[in-house]
Amino acid sequence: MAKRIDVKDLDIYYGKFHAVDSVTLSVPPRNVTAFIGPSGCGKSTVLRTLNRMHEVIPGARVDGQVLLDGEDIYASSVDPVQVRRTIGMVFQRPNPFPTMSIRDNVVAGLKLAGTNNKKQLDDIAERALRGANLWTEVKDRLNKPGGSLSGGQQQRLCIARAIAVRPDVLLMDEPCSALDPISTLAIEDLIAELKKDYTIVIVTHNMQQAARVSDQTAFFNLAGVGQPGQLVEFNDTEKIFSNPNEKATEDYISGRFG
């Protein structure tokens, strides 16, 4: 069941360095939200806080709240491993286990959690591969290594692996930046399908991609050299790209900087 994310007064740190300042935004369920902005403005850092991946970095911490349907995922009683099952992540470069079979790549998380019933795992693998629009391409070679697939297929395999554990939210950190244009369009089409079942947050440097795939867009920027990244504007994507409220947003989207 897709869930709502509410970020409230979020400050993000690496040791003493203040990386991102006071972010507040809400992501509705079954929606695609894009994070855009120049390199170093904190958009990927904010994304990683949404499933507690940020805190795996030594010295990293957050102040503020990240609520998933009203529950603070940073509360002391919450297990970060469970958070990462509920809020899946797809990374910039496809990262399948290269020597592991396609089928075993998809169900790796389930096997790690203790599911060993072959019939159940086979059914879940098929469901997830169908969900990632990859089943028809790989159904006759499920025992081949995941590393034998093309780059675009590997990224869809990673998406299948993420949705196999039935998360509520999918985070995508520049999922198309390493892909060719045809594979990029396949991933964008897949995102449009996945939002029927998942809440999706995507970081992208591609303005056209943000305009094509997202319902809402958050523009992040740096206040100055050595200053923390800030959320400048957050609104419906159509509004952000046609009539933004902030001049900095308009300047970035029109290519005047970034």
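By convention here, the first residue in the shown sequence is residue 1.
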Is there side-chain contact between R4 and L68, with heavy atoms separated by less than 4.5 Å?
-> no
Hey, quick one: are L142 and L149 part of the same hydrophobic cluster, counting side-chain heavy atoms closer than 4.5 Å, chains of contacts allowed?
-> yes
Using modelled atom types only, decide if a donor and an acceptor are shared between the side chain of R212 and the backbone of E188 within a distance under 3.5 Å.
-> no
With distance as the sole criterion, is a donor-acceptor pair present between the side chains of Q82 and R85 under 3.5 Å?
-> yes
Could you label the plane-to-plane angle of the F220 and F35 rings as parallel, tilted or perpendicular, counting under 30° as parallel and over 60° as perpendicular?
-> perpendicular
Would you call D122 and R103 a salt bridge, using N to O less than 4.0 angstrom?
-> yes
Using a 4.5 Å cut-off on heavy atoms from C-beta on, say whether the side chain of I5 contacts that of V169.
-> yes
salt_bridge(D251, K247) N-O dist < 4.0 Å = yes
Between T33 and Q216, is any side-chain donor less than 3.5 angstrom from a side-chain acceptor?
-> yes
Check whether the side chains of S101 and N143 place a donor and an acceptor atom closer than 3.5 Å, and report yes or no.
-> no
Looking at I87, V203, V90, which one forms a side-chain contact (heavy atoms from CB on, under 4.5 Å) with L171?
-> I87
Side-chain touch T45/H54, heavy atoms, less than 4.5 angstrom = yes
Should I159 and L190 be marked as a side-chain contact (heavy atoms from CB on, under 4.5 Å) after you check the CA-CA gap, both sets of side-chain angles, and the distance that decides it?
-> CA-CA 10 Å; I159 292 171; L190 176 56; 3.7 Å; yes
Hey, any chance L157 and M89 share a hydrophobic cluster, counting ILVMFWY side chains that come within less than 4.5 Å of each other, even indirectly?
-> no
Can you name the nearest heavy-atom pair linking P98 to P145, along with the distance?
-> O-CB, 3.2 Å
Just wondering, more than 12 heavy atoms not from R141 lying within 6.0 Å of its CZ?
-> yes
Does one side chain, of D168 or T86, offer a donor that lies under 3.5 Å from an acceptor on the other?
-> no
Ignoring hydrogens and angles, tell me if any N or O in the side chain of R127 forms a donor-acceptor pair with the backbone of A164 under 3.5 Å.
-> yes
Any side-chain heavy atom of L170 within less than 4.5 Å of one from I202?
-> no
Joint hydrophobic cluster, I102 plus M100, side-chain heavy atoms closer than 4.5 Å = no
Closest non-hydrogen atom pair between D9 and T24, with its separation = N-OG1, 2.9 Å
Going through the checks in order, is the side-chain contact (heavy atoms from CB on, under 4.5 Å) test met by M207 and F241?
-> CA-CA 9 Å; M207 295 299 97; F241 280 87; 4.1 Å; yes
Could you tell me whether the side chains of Y74 and T49 share a donor-acceptor contact shorter than 3.5 Å?
-> no
With a 4.5 Å heavy-atom cut-off, do L231 and L25 have their side chains touching?
-> yes
With a 4.0 Å cut-off, would you call E137 and R156 a salt bridge?
-> yes
The reported gap from OG1 in T249 to CD1 in I240 (rounded to nearest 0.5 angstrom) is 5.5 Å
Under 4.0 Å between a Lys/Arg side-chain N and an Asp/Glu carboxylate O for R61 and D63?
-> yes
G88 and P167 have their tightest heavy-atom pair at N-CB, 3.9 Å
Transitively linked via ILVMFWY side-chain contacts under 4.5 Å: M172 with L50?
-> no
What one should report as the nearest heavy-atom pair of T199 and P29 is OG1-CA, 3.2 Å
List the atom of Q155, the atom of P175, and the distance in Å for their closest heavy-atom pair.
-> NE2-O, 2.7 Å
Under 6.0 Å from the NZ atom of K144, do we count more than 12 heavy atoms belonging to anything else shown?
-> no
Taking atom types as modelled and ignoring hydrogens, do the side chains of S177 and Q92 form a donor-acceptor contact shorter than 3.5 angstrom?
-> yes
To the nearest 0.5 Å, what is the distance between SG (C176) and NE2 (H205)?
-> 13.0 Å
For the pair R30 and Y198, evaluate side-chain contact (heavy atoms from CB on, under 4.5 Å) and give the outcome as yes or no after the intermediate values.
-> CA-CA 5 Å; R30 293 188 180 88; Y198 302 97; over 6 Å; no
Going through the checks in order, is the side chain to side chain donor-acceptor pair (under 3.5 Å) test met by Q209 and T204?
-> CA-CA 7 Å; Q209 182 173 80; T204 180; 2.8 Å; yes
Which pair of heavy atoms, one from I36 and one from A210, lies closest together, and at what distance?
-> CG2-CB, 3.8 Å
Taking the side chain from T184 and the backbone from D180, do they hold a donor-acceptor pair closer than 3.5 Å?
-> yes
Please assess L129 against V138 for the test side-chain contact (heavy atoms from CB on, under 4.5 Å), listing each intermediate value before the final yes or no.
-> CA-CA 9 Å; L129 287 165; V138 303; 4.1 Å; yes
Residue pair V107 / T115, side-chain heavy-atom distance below 4.5 Å = no
Can you find a heavy atom in the side chain of E246 that is under 4.5 Å from one in the side chain of E233?
-> yes
Can F219 and Y252 be said to form a ring-ring contact (aromatic ring centres under 6.0 Å, His included), step by step?
-> CA-CA 9 Å; F219 169 57; Y252 179 73; 5.2 Å; yes
Verify the neighbour count for atom CD of E238: are there more than 12 heavy atoms of other residues, nucleotides or ligands below 6.0 Å?
-> no
Does the S214 side chain pair with the main chain of T217, one donor and one acceptor, at a distance under 3.5 Å?
-> no
Give a yes or no answer on whether the side chain of R48 reaches the backbone of M53 with a donor-acceptor pair at less than 3.5 Å.
-> no
Any donor-acceptor pair under 3.5 Å from N105 side chain to F97 backbone = yes
Evaluate the side-chain proximity of P38 to N221: yes if any heavy-atom separation is below 4.5 Å, no if none is.
-> yes
Crowding at CZ, R166 (>12 non-hydrogen neighbours, <6.0 Å) | no
Answer yes if V32 and V7 sit in the same cluster of Ile, Leu, Val, Met, Phe, Trp and Tyr residues linked by side chain heavy atoms under 4.5 Å apart, and no otherwise.
-> no
